[in-house]
Amino acid sequence: MGLGGVDTLHGKRNCTVRSCGSAAITSLDRQALCLNHFLLRCYERLGSVDPRGRKFNAEPVDLASMRAFIEECSRRALDVSLQSQDLTNLQRGRLLDILLWAGELFLLLRIPRLTLAQSIASSEEDLAVHAASSNL
């Protein structure tokens, strides 16, 4: 799918995704990407870091790297939307969707997050303290 008259931010560089001959429009995670691969990569990564869509995982999450990706993703999406010409309505809608989703995730990740194990442990401690105080 060609990008028509979309201005590229990387001059004559091509998308680094294998077998893609399209011009790179931006970069994400230090990879030059065409608009279509940028959109796909954003959706994939935002989906993988969204705590609302993930199953419970007791492993600690690297919030700093998640926030850094979300910030980069939203900044790049805004740059592309403001600097590119001749975007289709679908492309503009996807860029806006990415901006909104990234904004939601940034707010969600600011809220302190407990793992299920921490939540269960703190609930058991609360019950023990409550039981001990009622026996006094």
Side-chain angles (χ1 to χ4, degrees):
M1 182 169 166
L3 295 177
V6 174
D7 293 332
T8 60
L9 301 176
H10 290 282
K12 302 287 182 192
R13 290 179 57 189
N14 285 337
C15 181
T16 56
V17 175
R18 282 182 279 185
S19 72
C20 181
S22 298
I25 192 167
T26 191
S27 63
L28 187 66
D29 287 337
R30 298 184 187 137
Q31 289 187 322
L33 299 170
C34 67
L35 180 59
N36 292 327
H37 285 116
F38 171 74
L39 294 171
L40 287 172
R41 186 76 43 94
C42 285
Y43 278 120
E44 288 172 355
R45 291 284 309 273
L46 289 173
S48 71
V49 299
D50 193 337
R52 299 170 293 186
R54 281 192 286 149
K55 294 181 181 178
F56 171 73
N57 188 354
E59 295 178 20
V61 176
D62 185 4
L63 291 178
S65 67
M66 286 176 130
R67 286 184 184 128
F69 168 75
I70 292 168
E71 186 176 328
E72 180 187 12
C73 181
S74 61
R75 188 178 58 248
R76 300 290 182 177
L78 182 60
D79 289 344
V80 169
S81 65
L82 293 175
Q83 295 179 11
S84 299
Q85 298 175 3
D86 301 327
L87 293 173
T88 66
N89 285 339
L90 179 60
Q91 291 166 333
R92 288 185 192 284
R94 287 180 176 164
L95 288 166
L96 179 58
D97 186 42
I98 288 168
L99 282 168
L100 293 172
W101 192 4
E104 286 177 359
L105 290 178
F106 196 75
L107 289 174
L108 278 175
L109 293 177
R110 289 182 65 187
I111 299 169
R113 188 171 161 223
L114 297 175
T115 63
L116 183 58
Q118 290 171 325
S119 175
I120 290 170
S122 65
S123 296
E124 289 175 355
E125 287 175 13
D126 291 343
L127 288 174
V129 168
H130 180 66
S133 64
S134 1
N135 290 334
L136 294 177

Path from Phe106 to Leu108 over hydrophobic side-chain contacts below 4.5 Å
yes
Are any of the side-chain heavy atoms of Ser84 and Ile25 separated by less than 4.5 Å?
yes
Determine, step by step, whether Leu96 and Ser81 satisfy the side chain to side chain contact (heavy atoms under 4.5 Å, CB included) criterion, reporting the C-alpha distance in whole Å, the side-chain angles of both residues, the deciding distance to 0.1 Å, and the verdict.
CA-CA 8 Å; Leu96 179 58; Ser81 65; over 6 Å; no
Output the distance between atom CD (Glu104) and atom CH2 (Trp101), rounded to the nearest 0.5 Å.
9.5 Å
Rounded to the nearest 0.5 Å, how far apart are CG of Leu105 and CE of Met66?
8.0 Å
Are any non-hydrogen side-chain atoms of Ile70 and Val49 less than 4.5 angstrom apart?
yes
Nearest heavy-atom pair of Glu72 and Ser27: which atoms, and what distance?
OE2-O, 4.1 Å
Is there a side-chain contact between Leu95 and Phe38 (heavy atoms, below 4.5 Å)?
yes
For Glu71, give me all partners under side-chain hydrogen bond (donor to acceptor under 3.5 Å, both in side chains), at least two apart in sequence or on another chain.
none
With sequence neighbours left out, what residues match Ser65 under side-chain hydrogen bond (donor to acceptor under 3.5 Å, both in side chains)?
Asp62
One should read off an interatomic distance between His37 NE2 and Leu28 CG, to the nearest 0.5 angstrom, of 13.0 Å
Any Val17 side-chain heavy atom under 4.5 Å of Leu40 side chain
no
Can you check whether Cys73 reaches Arg45 side chain to side chain, under 4.5 Å on heavy atoms?
no
Minimal non-hydrogen separation, Cys15 against Cys34, with atom names:
SG-N, 3.4 Å
Which value, rounded to the nearest 0.5 Å, describes the distance between Thr26 atom OG1 and Arg75 atom CZ?
9.0 Å
Interatomic distance, CG@Leu39 vs CZ@Arg94, rounded to 0.5 Å, equals 6.5 Å
Got a salt bridge between Asp29 and Arg41, using NZ or NE/NH1/NH2 to carboxylate O under 4.0 Å?
no
Out of curiosity, does Leu78 fall in the hydrophobic cluster containing Leu46 (side-chain heavy atoms, cut-off under 4.5 Å, transitive links)?
no
Find out if a path of hydrophobic residues (ILVMFWY) with successive side-chain heavy-atom gaps under 4.5 Å connects Tyr43 to Val80.
yes
Between Ala32 and Asn14, the two heavy atoms sitting closest are CB-O, 4.0 Å
